[in-house]
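Here is the structure we will look at, set down as structure tokens.
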Amino acid sequence: MIQLIVLLPLLAAAIAGLGNKALGKLPAKILTTGALFISCALSWPIFISFLTGSAEAHVTPLFTWIQSGSFDAQWALRVDAMTAVMLVVITSVSSLVHLYSWGYMDEEPDQPRFFAYLSLFTFAMLMLVTANNLLQMFFGWEGVGLASYLLIGFWFRKPSANAAAIKAFVVNRVGDLGFMMGIFGTYLVFNTISIPEILEMAPSMAGSTIGFLGHRFDTMTVLCLLLFVGAMGKSAQLGLHTWLPDAMEGPTPVSALIHAATMVTAGVFMVCRLSPMFETSQTALTVVTYVGAATCLFAATVGTVQTDIKRVIAYSTCSQLGYMFFAAGVGAYGAAMFHLFTHAFFKALLFLGAGSVIHAMHHEQDMRYYGALRKEIPITFWTMTLGTLAITGVGLPLIGVGFAGFYSKDGILEAAYAAGGAGTGAFLVGIFAALLTSFYSWRLVFLTFFGKARWAASEHIQHALHDAHGHDDHHDDHAHDDNHHAPATGTGGYHPHESPWVMLVPLIVLSLGAVFAGFLFHDQFIGAEGGIEFWKGVLSFDSHLMHAAHEVPTWVKFAPFTVMLTGLLIAWLAYIKNTDWPQRFVATFTGLYTFLLNKWYFDELYNVLFVKPAFAIGRFFWKFGDVGFIDRFGPNGLAALVVQGNKVTRRLQSGYLYTYALVMLIGLAAAATWAMTR
């Protein structure tokens, strides 16, 4: 069964990709979507069997990959509770994204290539989560990086899409260098890359030291921090996050897949999979906690000023990943995996819902050109509202009933408070980020679905009204410049349309996950007793910490609920009650607004520190090294020498007999002289 789950998406991707237009759009869509739904149908029984406790972890060996001396890399598929969770997340979201893409990409002429890339993306992530050794995990790790490059740059005729794809690829190479060094170091220390063997031996290495960069450091701290650098790149943590917002240049279904089920969840999964290693180094855990908390705060602040509907949700993803990492940093790995699980449903729902809005508004992505859409696209409105209720953590603390985010995010905050130390700071940051999350999430809903219609000022809508649809192979998911003036109100005669059912059905299914996923599974993931039974040692589950998390003071339980209502109230006052507040805020706090609008100037800073120096070095070696030295004295120099030699020899070719006779005599005289001197 596990072989079918993993290999069906690869087979479908190969057939659709190689067949491409010769195969045809409909067969490619049926093949790839059908393969994913079969994988999904096979994944849920595995997950349920681990929930009920009727399944045990097992490894399915396939073949020997690399064997050299003591280095032995077996290709095998590992299935345990963590794998079962990820199988459900990946295949469920991916199959729904495939189905949704039938409608969203309907006018795209290159659909077989798109669906082949989607299936390849899913296969790579499945390989990552079923890996039984670090090298096999790295294969899936690089596979999702490749697939993300292909999908972000799918509309390769758009310069912005190409630039975003290259940026994602390059930034992830930085993180992957750390991951590779971590794998090298782990093999050096443990003499194996088998994950079960490494985790078994990890506690025995606590307190030992290793030489690194000319100094002696704690062995496990060095290894864990190097591995965490890889996680920072894949999961877009602060410092290596800059690729994630630009990834919105890809089609909207790609955004949903990257942010909900693949790529960005890989780093969280890796840290939780290797949690026994991280538990041996308190320094590494502290770094993970602080980086996660900083990312959570950074992304939440930037998300409050974004006007592109997809970028708001993208920064929301970045912030939620910060929650997952500081949960892992305080030792609540079960809570981190639980938030990963619930987040997949409501984040995929929000992205696909945003795609439905964009589809209705003729690919307009600027929320300032929306408004009053709740009656025009009611199903999209209600499903996105359910997603917003989930991500903001709406629920009743004393009764313990709420949407998915209420269980998972509140579980993280309570665990952070109970952990103390660095967890206390993470708790405070998380509470403030929850306030901002509520604000920007409800801001998105109010700007999009409430207020007055502001469609008339949209260039995309005007094109639609003039029958200049622009539905070519670019598809033009274009985000407007943030410096546009506020749009005029009015519909301009345009009437938005609800998306087709092939797009709405995935929204409805994901809504069920956003509503019920937390209620149904919270005991197995984070319950002090249920967690031990479910995880069965595949990650470091601290039952004492989770018990303490359930016993935190009442004000700690009410804090997320309070800030959620506060953010909702501020958003309602600013975008429904007093719509002039945002302009007045910008006028009063221009510096702060500009700072947030420019994303804390990370891109500009990196441009100065890394991009410009890299280009300057490249130009130097190009002009002075390649052209000035190698070409000058190499091929160009030899060619010039031949030309000059030809000019000399050409003078000897006079065409007169006596000239040639003279040359012959000189040659004979020279030969005779040489012979006599010998």
Side-chain angles (χ1 to χ4, degrees), residues 43 46-48 50-51 55 57 78-93 125-126 128-131 137 195 199 228 231 234-235 237 259-279 285 288-289 292 317 320-348 390 404-416 419 430 513 517-543 545-546 549:
S43 297
I46 295 176
F47 176 62
I48 293 172
F50 277 98
L51 283 177
R78 180 176 184 81
V79 179
D80 53 28
M82 280 189 69
T83 308
V85 171
M86 296 304 296
L87 289 179
V88 165
V89 168
I90 296 164
T91 58
S92 298
V93 173
M125 191 64 189
L126 290 172
L128 191 156
V129 301
T130 56
M137 181 182 285
I195 293 175
L199 299 185
F228 180 60
K234 276 289 178 289
S235 295
Q237 292 302 282
H259 288 249
T262 59
M263 190 96 176
V264 298
T265 61
V268 179
F269 170 82
M270 185 264 283
V271 170
C272 292
R273 171 65 86 194
L274 303 179
S275 55
M277 287 183 66
F278 282 83
E279 283 296 300
L285 289 176
V288 173
T289 303
T317 299
Q320 298 304 309
L321 289 166
Y323 277 103
M324 299 175 206
F325 274 110
F326 78 65
V330 300
Y333 302 100
M337 288 298 298
F338 188 34
H339 198 50
L340 184 156
F341 179 76
T342 61
H343 175 264
F345 292 104
F346 58 71
K347 186 49 58 70
F406 165 75
Y407 294 94
S408 59
K409 186 164 69 176
D410 286 23
I412 288 175
L413 292 171
E414 291 164 8
F519 172 76
L520 292 175
F521 305 118
H522 71 280
D523 185 59
Q524 288 86 349
F525 278 85
I526 59 175
E529 305 298 332
I532 296 176
E533 293 297 321
F534 176 64
W535 294 115
K536 294 182 179 177
V538 298
L539 53 70
S540 295
F541 187 83
D542 189 342
S543 59
L545 173 62
M546 299 318 298

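- The ring pair (Phe, Tyr, Trp, His ring centres under 6.0 Å) test with Phe521 singles out one residue from Phe534, Phe341, Phe345, and that residue is Phe341.
- Nearest heavy atoms, Ala57 versus Arg78: CB-NH2, 4.5 Å.
- Thr317 pairs by the side chain to side chain donor-acceptor pair (under 3.5 Å) definition with His259, Lys347, not counting sequence neighbours.
- Every residue meeting the side chain to side chain donor-acceptor pair (under 3.5 Å) condition with Thr83, not counting sequence neighbours, appears here in chain and number order: Asp80, Arg273.
- Annotation: ring pair (Phe, Tyr, Trp, His ring centres under 6.0 Å) contacts of Tyr407 (sequence neighbours excluded): His522.
- If you take OG1 on Thr130 and CE on Met137, they are separated by 9.5 Å, rounding to the nearest 0.5 Å.
- The shortest side-chain heavy-atom distance between Phe406 and Lys409 does not fall under the 4.5 Å cut-off.
- Annotation: side chain to side chain contact (heavy atoms under 4.5 Å, CB included) contacts of Ala419 (sequence neighbours excluded): Val330, Leu545.
- Annotation for Phe50 and Ala81: closest pair CE2-N, 3.7 Å, computed over non-hydrogen atoms.
- Under the side chain to side chain contact (heavy atoms under 4.5 Å, CB included) criterion, Ile532 pairs with Phe541, Ser543, not counting sequence neighbours.
- Here Thr91 pairs with Ile5, Ser39, Cys40, Ser43, Leu126 under the side chain to side chain contact (heavy atoms under 4.5 Å, CB included) rule; sequence neighbours left out.
- Shown here are the salt bridge (charged side-chain N to carboxylate O under 4.0 Å, His left out) partners of Asp542, two or more places apart in sequence or in another chain: there are none.
- Taking each heavy atom of Thr342 and Ala404 in turn, the nearest pair found is CB-CB, 3.9 Å.
- For the pair Phe228 and Met270, the minimum side-chain heavy-atom distance is 4.5 Å or more.
- Counting heavy atoms from C-beta on, the side chains of Phe47 and Leu87 never come closer than 4.5 Å.
- Closest approach of Ala260 to Val89, counting heavy atoms only: O-CG1, 4.0 Å.
- In this view, Glu279 and Tyr333 satisfy the side chain to side chain donor-acceptor pair (under 3.5 Å) rule, not counting sequence neighbours.
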For residues 320-328, which side-chain N or O atoms pair as donor and acceptor with protein atoms under 3.5 Å away, sequence neighbours left out?
{"from": "Gln320", "atom 1": "OE1", "to": "His339", "atom 2": "NE2", "distance (Å)": "2.8"}
{"from": "Tyr323", "atom 1": "OH", "to": "Gly430", "atom 2": "O", "distance (Å)": "2.6"}
{"from": "Tyr323", "atom 1": "OH", "to": "Ala434", "atom 2": "N", "distance (Å)": "3.1"}

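- Checked against ring pair (Phe, Tyr, Trp, His ring centres under 6.0 Å), Phe338 has the following partners two or more places apart in sequence or in another chain: Phe525.
- Side chain of Ser235 to main chain of Val264: a donor-acceptor pair is present (N/O by atom type, distance under 3.5 Å, no hydrogens or angles).
- Between Thr265 atom OG1 and Met86 atom CE the span is 4.0 Å, to the nearest 0.5 Å.
- Listed by chain and residue number, His547 satisfy the side chain to side chain contact (heavy atoms under 4.5 Å, CB included) test with Ala528 (two or more places apart in sequence, or in another chain).
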